[in-house]
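Structure first, then comments.
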Amino acid sequence: MVSCRSCRSELKLTLIDLGSSPIANNLIPSTQSMEEMSCFPLCAKTCENCSLVQLSEELPRETLFRSDYVYHSSYSSSWLEHSRSYVTKMVKFLNLSENDLVVEVASNDGYLLQFFADSKVQVLGIEPAAGVANLAIAKNIPTMIEFFGVTTAKKLTKNPKPKLIIGNNVLAHVPDLHDFIEGFSILVADEGIITFEFPHLLNLLKNNQFDTIYHEHYSYLSVTALLPLMARYKLKIINVEKLPTHGGSLRVFIAKNESNWATDRSVQIMLKEEAQYDPRNKKIYESFQKNILNLKSNLVNELLRGKESKKRIAAYGAAAKGVTLLNYCGIKSDLIDYVVDLNPNKQGNFLPGCQIPIVGSDTLVTNPPDILLILAWNLSNEIKSQLLNQLNGGMKMLRAIPNVEYF
Ligand code: JHZ
């Protein structure tokens with residue numbers, strides 16, 4: 001029996017079964033590497049009791065968040081801008097000063113805490129992937145290199161309690177949600193605030209974002225599913241904001257039950273909205289499954305049509321979600337010549353499973369494609385503005401999410 005990682009009920013309902021896929025961020029150094037052969041089941045199930053969507057089989061977190069973890073948060077200027085404006089808002093909202101401590105869990109390369117440090121607020125990052133953590137340390141962002149949970153929270157009780165703890169795009173990455181949330185409840189100050197940002201399940205369902213399903217994402221989140229989990233650790237969701245990032249995310253504000261923070265009406269409004277797209281509703285999951293099959297056939301047909309008419313096809317953004325898309329659709333290096341990514345740590349490697357080489361942006365000039373499939377569709381605007389020269393030269397940009405279209 002597979003049980004829900006939040007409420008422990010038996011998981012019976014399949015939201016989508018994507019077969020098996022390689023680990024998205026474990027890029028392979030050569031096409032001969034054995035690692036490209038290892039695929040693992042990728043099936044998302046819904047808990048009929050608490051509605052949490054989650055993978056039915058999990059890989060150990062140490063396999064996923066290794067010291068050579070390739071996702072660096074600082075390679076998107078729009079994401080950095082998003083982070084900077086959050087910091088400005090929170091410094092004002094919580095009246096943060098040099099006497100206050102802000103902690104970020106999964107602080108990556110220090111992309112966010114650097115802005116709090118600029119405002120002279122004390123900061124601490126907690127990040128298990130040593131490679132990115134060391135980049136943060138090099139920027140003078142104190143960072144503990146470990147997975148967060150109750151053990152880490154207890155180690156920190158000697159410090160002043162943080163007025164703000166942040167978890168951006170990390171809740172989905174946590175196999176043991178109980179240990180993780182309990183850790184936050186231990187660490188946060190009595191009148192402190194926790195904010196979590198995560199891609200919203202509602203957008204995954206509405207906008208066919210099935211490619212965001214990969215092993216790193218153990219859970220697919222909604223306010224409906226989070227409320228009972230928070231309640232168990234005497235925490236309450238007091239506010240919900242909608243964000244445009246990562247295809248549509250939520251930022252939830254959380255406080256201790258017994259704190260003086262009141263609950264905003266945005267929480268009830270969001271619960272109502274989510275009820276209309278309940279992943280337990282047969283109509284919802286059946287139409288989602290149908291849409292994904294259609295999308296697969298439309299994308300493969302479009303690329304085959306391009307190949308038949310001798311078009312050169314490349315992709316942009318060696319994003320983790322691109323690995324799910326290409327492997328699920330069976331698209332390999334016979335259809336796509338290369339994928340461009342600005343992160344030098346990704347360049348020189350191959351996307352796992354589909355053996356597509358990752359190259360720098362200069363290849364777009366030396367070997368320009370006719371069609372460019374944007375795998376990082378969430379960053380379309382930012383990418384489009386960089387590629388104006390090539391677009392004027394006749395290159396067309398294609399995306400698969402939410403539907404297969406040129407844009
Ligand atoms: P991007 C990430 O997923 C990481 P991914 C993570 N798994 C998560 O949880 C979700 O977000 C929410 C590159 N790029 O952000 C940088 C350019 O080359 O869509 C990245 O490699 N040129 C933690 O991996 C990739 O594209 C550019 O101009 O699906 C984008 O990856 C820009 C803007 C980006 O995330």
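Atoms within a ligand are numbered from 1 in the order they appear, just like the ligands themselves. Excluded from the calculations below are hydrogen atoms, water molecules and symmetry mates; all remaining heavy atoms, backbone and side chain alike, are included.
- By the criterion of a heavy-atom distance under 4.0 Å, both the backbone and the side chain of Asp341 are placed next to ligand 1.
- For the residue pair Ser9 / Glu48, no side-chain donor-acceptor distance below 3.5 Å is found, with atom types taken as modelled.
- Contact annotation: for Phe65 versus ligand 1, there are no heavy atoms closer than 4.0 Å.
- Contacts with ligand 1 closer than 4.0 Å are made by side-chain heavy atoms of His246 only, the backbone lying farther away.
- Residue contacts with ligand 1, taken as heavy atom pairs separated by less than 4.0 Å, involve Tyr316 solely via side-chain atoms from C-beta onward.
- Both cation-pi conditions hold for Arg61 and Phe147: the charged atom is under 6.0 angstrom from the six-membered ring centre and inside a 45 degree cone around its axis.
- No side-chain donor from either of Gln355 and Ser333 sits under 3.5 Å from a side-chain acceptor of the other.
- Judged purely by distance below 3.5 Å, without hydrogens or angles, the side chains of Lys45 and Ser56 never pair a donor atom with an acceptor atom.
- For residues 201-222, the set of pairs meeting the salt bridge (Lys or Arg N to Asp or Glu O under 4.0 Å) definition, not counting sequence neighbours, is empty.
- Applying the salt bridge (Lys or Arg N to Asp or Glu O under 4.0 Å) test to every pair with at least one member in residues 245-256, sequence neighbours left out, gives these pairs: Asp190-Lys256, Glu197-Arg251, Glu241-Arg251.
- Atoms of ligand 1 found under 4.0 Å from any heavy atom of Ala376, numbered from 1 in the order shown, are 19 (O), 30 (C).
- The shortest N/O to N/O separation between Lys346 and ligand 1 falls below 3.5 Å.
- Under 4.0 Å from ligand 1, the heavy atoms of Tyr214 that appear belong solely to its side chain.
- Proximity of Asn378 to ligand 1, defined as any heavy-atom pair under 4.0 Å, is confined to the side chain (atoms from C-beta onward).
- Below 3.5 Å of separation, one finds no N or O of Ala318 facing any N or O of ligand 1.
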